[in-house]
Amino acid sequence: MLKVTLPDGKVREYSRRVRPADVAADIGPRLAKAVLAAEVDGQLIGANQPLPADGEITLRLITDKDPQALDLLRHSCAHIMARAVMRLFDGVQLAFGPTVGDGFYYDFQMEHKLSEEDFAKIEAEMARIVKEDEPFERVEMDRNEAVEFCRDLNQLLKVEHLEETLAGERRVSFYRQGEFVDLCRGPHLPSAGAVGAFKLMSVAGAYWKGDASRQQLQRLYGTAFFQKKQLDEHLKRLEEAKRRDHRLLGKQLELFMIDPEVGSGLVFWLPKGAVVRRELELFLYDELLRRGYQPVYTPVIGNVHLYETSGHYPYYKDTQFPPIEMDDGDRYLLRPMNCPHHVKIYQSKPRSYRELPLRLAEFGQVHRFEQSGELNGMVRVRGFTQDDAHIFCAEEQVADEFRGCLEMTQFVLKTLGLNDYRVRLGFRDPAQDKYVGDAATWQRAEEALENVCRGMDLPELHIERGEAAFYGPKADFIVADCIGRQWQLGTVQLDYNLPGPDRFDMEYIGADNAPHRPVMIHRAPFGSFERFVGMLIEHYAGAFPLWLAPEQVRVMVVSQKAEDYGRRVERRLAEAGLRAGGDYRAEKIGAKIRDAQLELIPYMFVIGGREADEENVAVRDRIEGDLGTMSLEAAVERLKKEIREKTVRSKD
RNA sequence: GCUAGCGUAGCUCAAUCGGCAGAGCAGUUGAUUUGUAAUCAACAGGUUGUGGGUUCAAGUCCCUCCGCUAGCUCCA
C-alpha cells in the first residue's frame with residue numbers, strides 16, 4: 001500500500017504499482033495530459049517512472065507551469081538535437097548535454113566541422129523528431145553492463161565517463177528515443193511533442209570535461225520553450241542586450257576606444273567617457289575622505305622581488321606582462337595589483353596601534369596579460385584602474401572595518417540605482433593547494449568574515465568554496481543590471497597572510513609595548529573603472545543620469561537670429577558648473593532635437609525670439625519631452641538640484 | 001591560448017558564377033532662417049585588415065599573420 005500526499009494536503013492510497021502519470025490520471029484528464037514529471041519527496045523523477053510499491057511519499061506533479069519544467073524541456077531538447085545530429089552526420093561521439101542559463105548545449109566529437117550553415121538542416125531534423133512525438137523511455141542497467149553497451153554503440157566518451165567518474169555507481173540509466181540511446185540521469189519529458197519551440201544559437205569549442213589539457217569538442221548551443229511566443233520574447237531580450245552593448249554604444253557615443261595598433265585590451269578614455277569616469281572618481285573620493293581613507297599615489301612598476309614576496313608573481317606568472325630586464329640584472333614588473341606598494345608605505349616607518357586602522361586609497365592602474373580570447377570591450381582588458389584601498393588594522397578592528405567596506409559598497413551601488421545584487425562569500429576549497437597560509441588562519445578569517453556578513457542583512461548571502469583569493473576569503477558583490485545580466489563587480493577581501501612572516505612580515509607596536517601583526521583588508525567597490533563603466537553603459541543603455549552625463553544640456557536655437565542669446569545661455573550654464581553644448585547650425589529645430597535625442601543628452605534648451613525677449617528657455621527633457629517655458633534661472637536650479645541629488649531616472 | 005565564424009569609406013551595409021568597388025548616414029561647401037525626432041543641392045571620401053599564391057582577370061578562390069565576435073579554459 002502506497003500513501004501519496006499531494007501539495008494540497010489530500011492523500012491518495014494505492015495498492016497497485018503506480019506512476020506519477022497514473023496519479024495525474026486519477027485526478028483528472030486535463031492533468032493527465034499536462035503532467036511532465038513529478039517531485040517525489042523533493043526529488044525529480046519522470047512521469048512514467050514507477051513510484052515505490054508501498055510506504056508514504058509526498059508527490060508534486062509538474063506541468064509546464066512549474067519553473068523546473070523548462071529545464072526538463074531543454075534537457076529533452078538537447079537529446080533531440082543530439083539525435084538529429086547523429087542522423088545527419090557519421091561517427092558522432094556524444095559527450096555531455098546539459099541545460100544552462102537560458103538554454104542547453106550538447107558536446108560532440110565528430111569529423112564534420114559544424115557551422116551555422118548546418119543549423120537549418122539540424123533544426124529541420126529536430127522538427128521532424130518533435131513531430132514524431134516518440135516517448136523518452138528510461139532504461140536502467142548495471143554499470144558493468146552499461147560499459148559494454150556503450151562500447152557496442154561505439155560511444156567511447158561515455159565508456160570513459162562510466163569507467164572514471166561513475167566508477168562508484170552500481171546502476172545507471174539510459175534514455176531511449178527510437179534509434180537514439182544516451183547515458184543520462186534524467187528525467188525527461190514523457191515524449192518529444194511537448195517541445196513547442198526551439199532554436200539553435202551558436203557553435204563553439206569546449207574541452208572534454210572542462211579540462212584544457214584534454215581534447216576539444218564541438219559544442220552546439222540551443223534554447224527551447226513550451227511556446228513559440230516565449231521563444232520570440234527570449235530572442236527579443238537578446239536583441240535588447242545587443243542594443244545595450246557597451247562596445248557599440250561606446251563607439252557611437254564616443255566614450256572610449258581601443259586601438260589594435262596600440263594593443264588589444266588597452267582602453268583609451270575619450271573626452272566624453274573621461275567625464276563619466278572623472279565624476280565617478282570624484283564621487284568615490286568624497287566618500288573615501290568621509291570614511292577616513294588617506295589617498296596615496298604609487299608607481300605603476302616595481303621590482304619583481306616585491307611580487308615574489310607577495311606571492312603574486314609565482315602564482316600569476318602566466319597572466320602578467322613579462323618582467324622588464326635591465327642591463328644590471330634588475331627586473332621590473334608592470335604591477336598586476338597595488339597591494340605590495342601600499343604595504344611598503346605601511347612599512348616605511350614603525351607603526352603604533354594608535355595609527356590603526358590605516359586606510360590607504362589609490363585609483364591604481366594595473367596591468368595583467370589576459371589571454372587574447374578573454375578580451376572584451378572595456379569589461380575584460382589588459383590595463384585597468386582599480387578603485388583600490390588597503391586597510392591595515394588590528395585583529396580586534398577587523399569586524400568593524402570589514403563592515404565599513406561592505407556598507408560603502410552598498411552605498412555606492414544604491415546611489416547608481418543598482419539595487420539588485422547578491423553577495424557571495426568566497427571561501428577556500430581545502431581540496432585545492434593554490435592558497436598560502438595555514439588552515440587555522442584561514443578558518444579564523446572565514447569565521448570573522450561570515451560573522452560580519454550574517455549580522456548585516458546582505459541580500460542572498462551565500463558561501464562558495466573555492467572562490468577565495470589565494471591569500472584570504474572574500475565577499476564579492478554580484479550585481480544584476482536592469483535587464484537581469486549579472487556582473488561581478490565590487491569585492492572586499494580579508495587577508496591574514498600577506499602581513500605574515502612568510503610574506504611581508506608586518507608589525508605594529510601595541511599598547512602593551514610589544515610587536516603585533518596587523519590584518520589587511522583589500523577592497524574595491526567598483527572593482528575597476530573600466531569594467532564598472534562598461535557595465536554602467538549597458539545598464540543605462542548609454543543614457544546616463546544627469547550627474548554623469550558627458551553633455552548635460554544642449555542649447556539649440558530655433559533660427560540663427562537667436563544665436564547671441566543662445567551663447568549667453570550657454571555661458572550662464574557653464575558658470576553654474578553645468579556641462580553644456582550648443583547647436584547653432586542652419587538646421588530646423590526638429591533636426592537639432594533629433595540629433596540631441598540620439599546622443600542621449602538629458603536636457604535640451606530650445607531658444608527662439610520669444611525666449612530671448614524674456615530671459616527664458618523652453619526646456620525639453622530627453623525622457624518626458626517638452627516641459628514648457630521657464631526662466632533661465634529656474635531651469636538652472638532645476639538641473640543643479642537633479643545633479644546634487646544624483647537622481648537616476650529612466651524611460652521604463 | 002584553443003575551436004568556429006567574421007574583417008569593403010568615420011559608421012551601417014551592398015557588389016549575381018571570379019569580370020569597371022557602390023549606397024545611406026556622418027563630413028565639407030553652398031542655398032535656406034526654420035518652434036519640439038531628419039530642409040535641399042553639390043563635393044569629397046577606398047592599397048577591400050596584412051603579406052604571399054592561383055588566374056588573362058581576385059573584395060570574391062587558396063595559404064600566412066593581425067584584429068574582432070561567440071564559446072571553452074583562466075580571473076590576484
Side-chain angles (χ1 to χ4, degrees), chain A residues 100 105 107 113-118 201-221 242 245 247-248 251-252 254 257-261 263-265 307 310-320 335-340 366 368-377 380 386 388 426 434-436 467-472 474 476 488 491 493 495 498 522 524 527 531 556-563 584-599 604-611 618-622 625-629:
Chain A
V100 284
Y105 66 77
D107 288 346
K113 300 257 185 241
L114 288 169
S115 78
E116 296 193 8
E117 284 165 28
D118 299 316
M201 302 304 292
S202 65
V203 59
Y207 300 104
W208 171 230
K209 300 204 167 180
D211 181 347
S213 67
R214 302 217 204 197
Q215 73 260 44
Q216 191 154 30
L217 309 169
Q218 300 194 62
R219 176 171 295 180
L220 206 45
Y221 281 89
K242 221 163 135 190
D245 189 323
R247 293 167 303 195
L248 302 178
K251 185 179 268 187
Q252 259 170 44
E254 297 179 1
M257 65 169 216
I258 290 165
D259 184 333
E261 206 186 340
S264 302
Y307 305 98
S310 71
H312 288 97
Y313 185 65
Y315 273 94
Y316 295 104
K317 204 163 183 285
D318 296 342
T319 50
Q320 289 169 7
R335 71 171 168 193
M337 85 301 304
N338 306 305
C339 27
V366 298
R368 298 176 185 177
F369 194 80
E370 304 289 357
Q371 298 179 56
S372 61
E374 300 302 333
L375 301 176
N376 178 298
R380 198 71 197 271
Q386 297 178 313
D388 211 356
K434 62 174 188 177
Y435 308 100
V436 297
E467 282 295 324
F470 75 84
Y471 46 70
K474 60 178 180 173
D476 288 325
Q488 187 188 319
T491 183
Q493 309 178 349
D495 182 0
L498 289 191
H522 310 238
R531 186 175 170 73
M556 50 187 69
V557 290
V558 172
S559 91
Q560 287 175 314
K561 289 174 194 156
E563 179 164 348
Y584 306 102
R585 290 176 303 167
E587 283 287 355
K588 301 212 300 202
I589 195 67
K592 297 179 185 181
I593 287 169
R594 181 169 193 275
D595 288 346
Q597 289 279 156
L598 291 175
E599 285 179 65
M604 288 151 261
F605 286 1
V606 177
I607 279 165
R610 298 207 294 264
E611 286 75 20
V619 178
R620 183 186 164 95
D621 176 72
R622 187 187 69 82
D626 194 353
L627 298 181
T629 300

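None of the values given here were measured: they were computed from a predicted structure. Reminder, nothing fancy here: chain letters follow the sequence lines and each chain counts from 1. Below, all heavy atoms of this structure are taken into account, side chains as well, without hydrogens, waters or symmetry copies.
- Judged by distance alone, the side chain of Glu116(A) and the main-chain N or O of Ser202(A) form no donor-acceptor pair under 3.5 Å.
- Distance from the side chain of Pro336(A) is smallest for A76(B) among the nucleotides U34(B), A76(B), U36(B).
- A donor-acceptor contact under 3.5 Å links the side chain of Thr319(A) to the base of A76(B).
- Partners of Asp107(A) according to the side chain to side chain donor-acceptor pair (under 3.5 Å) rule, which considers only residues two or more places apart in sequence or in another chain, are Arg219(A).
- The ring-ring contact (aromatic ring centres under 6.0 Å, His included) check on Tyr105(A) picks up Tyr221(A), with sequence neighbours excluded.
- Taking every side-chain heavy atom of Asp626(A) into account, U36(B) is the closest of U36(B), C74(B), U34(B).
- Comment: Lys209(A) does not engage Asp211(A) in a salt bridge, judged by the lack of any side-chain N to carboxylate O separation of less than 4.0 angstrom.
- Residues satisfying the ring-ring contact (aromatic ring centres under 6.0 Å, His included) criterion with Tyr471(A), sequence neighbours excluded, are His522(A).
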Table of protein N/O atoms under 3.5 Å from nucleotides 39-42 of chain B N/O atoms:
{"unit_1": "U39(B)", "atom_1": "OP1", "unit_2": "Glu587(A)", "atom_2": "OE1", "d": "2.8"}
{"unit_1": "U39(B)", "atom_1": "O4", "unit_2": "Ala586(A)", "atom_2": "O", "d": "3.4"}

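- Two residues, Val558(A) and Gln488(A), neighbour RNA chain B, and the one matched to the more 5' nucleotide by heavy-atom proximity is Val558(A).
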**OP:** Mark up nucleotides 59-70 of chain B, 5' to 3', with B wherever a protein heavy atom is under 4.0 angstrom from a base atom, S wherever such an atom reaches only the sugar-phosphate, and - elsewhere.
**Re:** --------SSSS
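- When heavy atoms are screened at a 4.0 angstrom cut-off, Glu467(A) is found touching no nucleic acid atom at all.
- Minimum atom distance to the side chain of Glu374(A) is reached by C74(B), of the listed U36(B), C75(B), C74(B).
- Smallest separation of non-hydrogen atoms from Gln386(A) and Met337(A): OE1-CA, 4.5 Å.
- Across all strands, Tyr315(A) comes closer than 4.0 Å to no nucleic acid atom at all (heavy-atom distances).
- One finds a side-chain N or O of Lys561(A) lying less than 4.0 angstrom from the OP1 or OP2 phosphate oxygen of U34(B).
- With A76(B), C72(B), U33(B) as the choices, the nucleotide that has an atom nearest any side-chain atom of Lys474(A) turns out to be A76(B).
- Glu374(A) has a carboxylate O that lies under 4.0 Å from a charged side-chain N of Arg380(A), or vice versa, which qualifies the two as a salt bridge.
- Note on Tyr221(A): a side-chain N or O is less than 4.0 Å away from OP1 or OP2 of C72(B).
- Between Gln488(A) and Asp476(A), the closest heavy-atom pair is NE2-OD2, 3.4 Å.
- Evaluation of Tyr316(A) against the base of A76(B) yields a stacking contact (centre distance < 5.5 Å, interplanar angle < 30°).
- Considering only heavy atoms from C-beta on, Arg620(A) stays 4.5 Å or farther from Ile589(A) through its side chain.
- With the nearest nucleotide of RNA chain B identified for both Asp595(A) and Glu611(A), Asp595(A) has the one nearer the 5' end.
- Stem regions annotated for RNA chain B: B:1-7 with B:66-72, B:10-13 with B:22-25, B:27-31 with B:39-43, B:51-53 with B:61-63, counting only runs of 3 or more consecutive pairs of Watson-Crick or G-U type with both contacts under 3.5 Å.
- In the set U36(B), U33(B), C72(B), U36(B) carries the atom at the smallest distance from any side-chain atom of Ala618(A).
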